[in-house]
Amino acid sequence: MAKPVSIEVWNPNGKYRVVSTKSMPGTRWINLLIEQDCRVEICTQKKTILSVEDIIALIGDKCDGVIGQLTEDWGETLFAALSRAGGKAFSNMAVGYNNVDVNAANKYGVAVGNTPGVLTETTAELAASLSVAASRRIVEADEFMRAGLYDGWLPHLFVGNLLKGQTVGVIGAGRIGSAYARMMVEGFKMNLIYYDLYQATRLEKFVTAYAAFLKANGEQPVTWRRASSMDEVLREADVISLHPVLDKTTYHLVNKERLAMMKKEAILVNCSRGPVIDEVALVEHLKQNPMFRAGLDVFEDEPYMKPGLADMKNAIVVPHIASASKWTREGMATLAALNVLGKIKGYPVWGDSNRVEPFLNENAPPPAACPSIVNAKALSLPVSKL
Ligand SMILES: NC(=O)C1=CN([C@@H]2O[C@H](COP(=O)(O)OP(=O)(O)OC[C@H]3O[C@@H](n4cnc5c(N)ncnc54)[C@H](O)[C@@H]3O)[C@@H](O)[C@H]2O)C=CC1
Ligand SMILES: O=C(O)C(=O)CO
């Protein structure tokens, strides 16, 4: 028997019971649910990662939908429990959904939502920040300063690398990878090499147009190339940023052999998912190559780091904060709530899950649609004509 979990209740007499496994930023998401006759229950348990048992207790006997987090293991057990409780929808408050077994959700007819379109720029900005911080050794220099070690300007003090004119490599040029590429090309005039299973046509057009603009202004134009293999990117780029989804094809995509292909002074940034890098191999590589640098937002066994990583001066580590801007996090909460609400109300699925602005406009009611349901096709859900 699962232990009871502490909760905060909004609109106790609401017809539909929606559970959020965590308190989420902003209040709009709560108000939108309440206005549509939902009783909202928010878990207030002081425990960062809820177990499957905790979530079963939260679901209880009657639950129409759940808003959950990427730290939770949404597999067969939870979808079976949600389905038994009459639940129709689950939404991750995240764009990545590698923590969700979508086949299990399909089996129980539960719609699975995610939150694309609202965190693209915020996440790309953190990847850009880590790239700059690593190339200019900002964290090491900050620690040095605070330790009272600065006793005057020196020609060799914290010398790093100039980004301008170097090559940025992007692996996974989807929404976030393309936004990051644009920032590095436009902001630092870097040349681009990317690898993705699909052609990033809009990105290519952007860099072509930017190169023409620079040329017309008498500046050195930037260049771009779509690599035919990931190894090509690893060999050629000075800064490499990882932005693929995590699945069987991308698990340990960067391993010992691939690290060895990279330039000795390269920078590796990961704002995708930890297991995309073999972290044990990375620690060893950082030890053997002191001029190699890494900027990591995500880790293989979150919240833990592999032994030795925390001691590496040539690694910058931050706690999975790439999407942590106020606007984005409030937007993610809103989209996740509207995914669940839309399915409960029988709304169709929004036609373009990247174009989510109508759902985020605080001055107008959101469209009667689910912003993004990843298994819409498998469940044969209708698509909105709005
Ligand atoms: N650190 C953080 O806080 C955040 C992490 N993420 C992670 O970033 C991921 C990407 O997000 P989006 O850009 O919105 O997704 P997206 O679906 O637009 O882009 C992913 C790209 O990866 C490519 N891809 C898939 N398999 C590949 C492979 N084997 N090799 C090379 N490319 C491959 C896809 O073709 C696609 O273009 C999410 O799935 C999530 O895991 C997303 C937001 C915040
Ligand atoms: O959205 C995601 O996938 C995250 O990792 C957190 O924003």
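Atoms within each ligand, like the ligands themselves, are counted from 1 in listed order. In what follows, residues are counted from 1 in the order of the sequence shown. The model shown is predicted, which means the values in this text are computed figures rather than measured ones.
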Taking R39 first and then D37, would you say they form a salt bridge - that is, a charged N and a carboxylate O separated by under 4.0 Å? no

Counting only heavy atoms not in R182, do more than 12 fall under 6.0 Å of its CZ? no

List the protein residues in contact with ligand 2, where contact means a heavy-atom separation under 4.0 angstrom. L70, A94, V95, G96, L119, R273, H320, S323, M332

What residue and heavy atom of the protein are closest to atom 14 (O) of ligand 1, and at what distance? R175 NE, 2.9 Å

Is there a donor-acceptor pair closer than 3.5 Å between any side-chain N or O of T123 and the backbone N or O of L119? yes

For N217, look at atom CG and say whether over 12 heavy atoms of other residues, nucleotides or ligands are found less than 6.0 Å away. yes

Which pairs would a plain distance check flag for residues 329-339, meaning a side-chain donor or acceptor within less than 3.5 Å of a matching protein atom at least two apart in sequence or in another chain?
residue, atom, partner, partner atom, Å
R329, NE, S323, O, 3.4
R329, NE, S323, OG, 3.0
R329, NH2, S323, OG, 3.0
E330, OE2, K326, NZ, 3.1
T334, OG1, E330, O, 3.1
N339, OD1, S372, N, 2.8
N339, ND2, S91, OG, 3.2
N339, ND2, N114, O, 2.9
N339, ND2, L335, O, 3.3
N339, ND2, S372, O, 3.3

Atoms of ligand 1, numbered as shown, that sit under 4.0 Å from any heavy atom of V298: 1 (N)

If you count every heavy atom of other residues, nucleotides or ligands that lies below 6.0 Å from K205 atom NZ, does the total exceed 12? no

What's the shortest distance from atom 19 (O) of ligand 1 to any protein heavy atom, and which residue and atom give it? G174 CA, 3.4 Å

Who's closest to atom 39 (O) of ligand 1 heavy-atom-wise, of G96, C271, S178, S323? G96

Is it the case that over 12 heavy atoms from other parts of the model lie below 6.0 angstrom from the NZ atom of K287? yes

Could you tell me the residue and atom name of the protein heavy atom closest to atom 32 (N) of ligand 1, and the distance to it rounded to 0.1 Å? G172 CA, 3.7 Å

Y195 N/O under 3.5 Å from ligand 1 N/O: no

Option of least heavy-atom distance to atom 20 (C) of ligand 1 (set: H243, H320, R273): H243

Ligand 1 atoms nearer than 4.0 angstrom to some heavy atom of Y198 are 35 (O)

Who's the nearest protein heavy-atom neighbour of atom 26 (N) of ligand 1, and how far? L197 CD1, 3.6 Å

With a cut-off of 4.0 Å, which atoms of ligand 1 are near a heavy atom of V95? 14 (O), 42 (C), 43 (C)

Heavy-atom contact under 4.0 Å between D297 and ligand 1? yes

Measuring from non-hydrogen atoms of P116 to any atom of ligand 1, is the shortest distance under 4.0 Å? no

Location of contacts on V245 toward ligand 1, heavy atoms closer than 4.0 Å: both

In the hydrophobic clustering that connects Ile, Leu, Val, Met, Phe, Trp and Tyr at side-chain heavy-atom distances below 4.5 Å, which members other than L157 occupy its cluster, ordered by chain and number? F144, M145, L149, Y150, W153, L154, F158

Please work out which of L126, I321, D196 has its closest non-hydrogen atom nearest to atom 21 (C) of ligand 1. D196

I176, any N or O under 3.5 Å of ligand 1 N or O: yes

Mark yes or no for whether E232, through its side chain, and S228, through its backbone, hold a donor-acceptor pair below 3.5 Å. yes

Examine N98 against ligand 1 and note whether any of their N/O atoms are separated by less than 3.5 Å. no

Would you kindly specify which portion of T250 sits under 4.0 Å from ligand 1, judged on non-hydrogen atoms: side chain, backbone, both or neither? side chain

Short side-chain to backbone donor-acceptor contact, D196 and Y198, under 3.5 Å: yes

Which residue pairs satisfy the ring-ring contact (aromatic ring centres under 6.0 Å, His included) criterion with at least one member in residues 265-292, sequence neighbours excluded? H285-F292

Nearest option to atom 24 (N) of ligand 1, as decided by whichever heavy atom of P244, A324, G274, A127 sits closest: P244

How far is atom 7 (C) of ligand 1 from its nearest protein heavy atom, and which residue and atom name does that atom have? S272 O, 3.6 Å

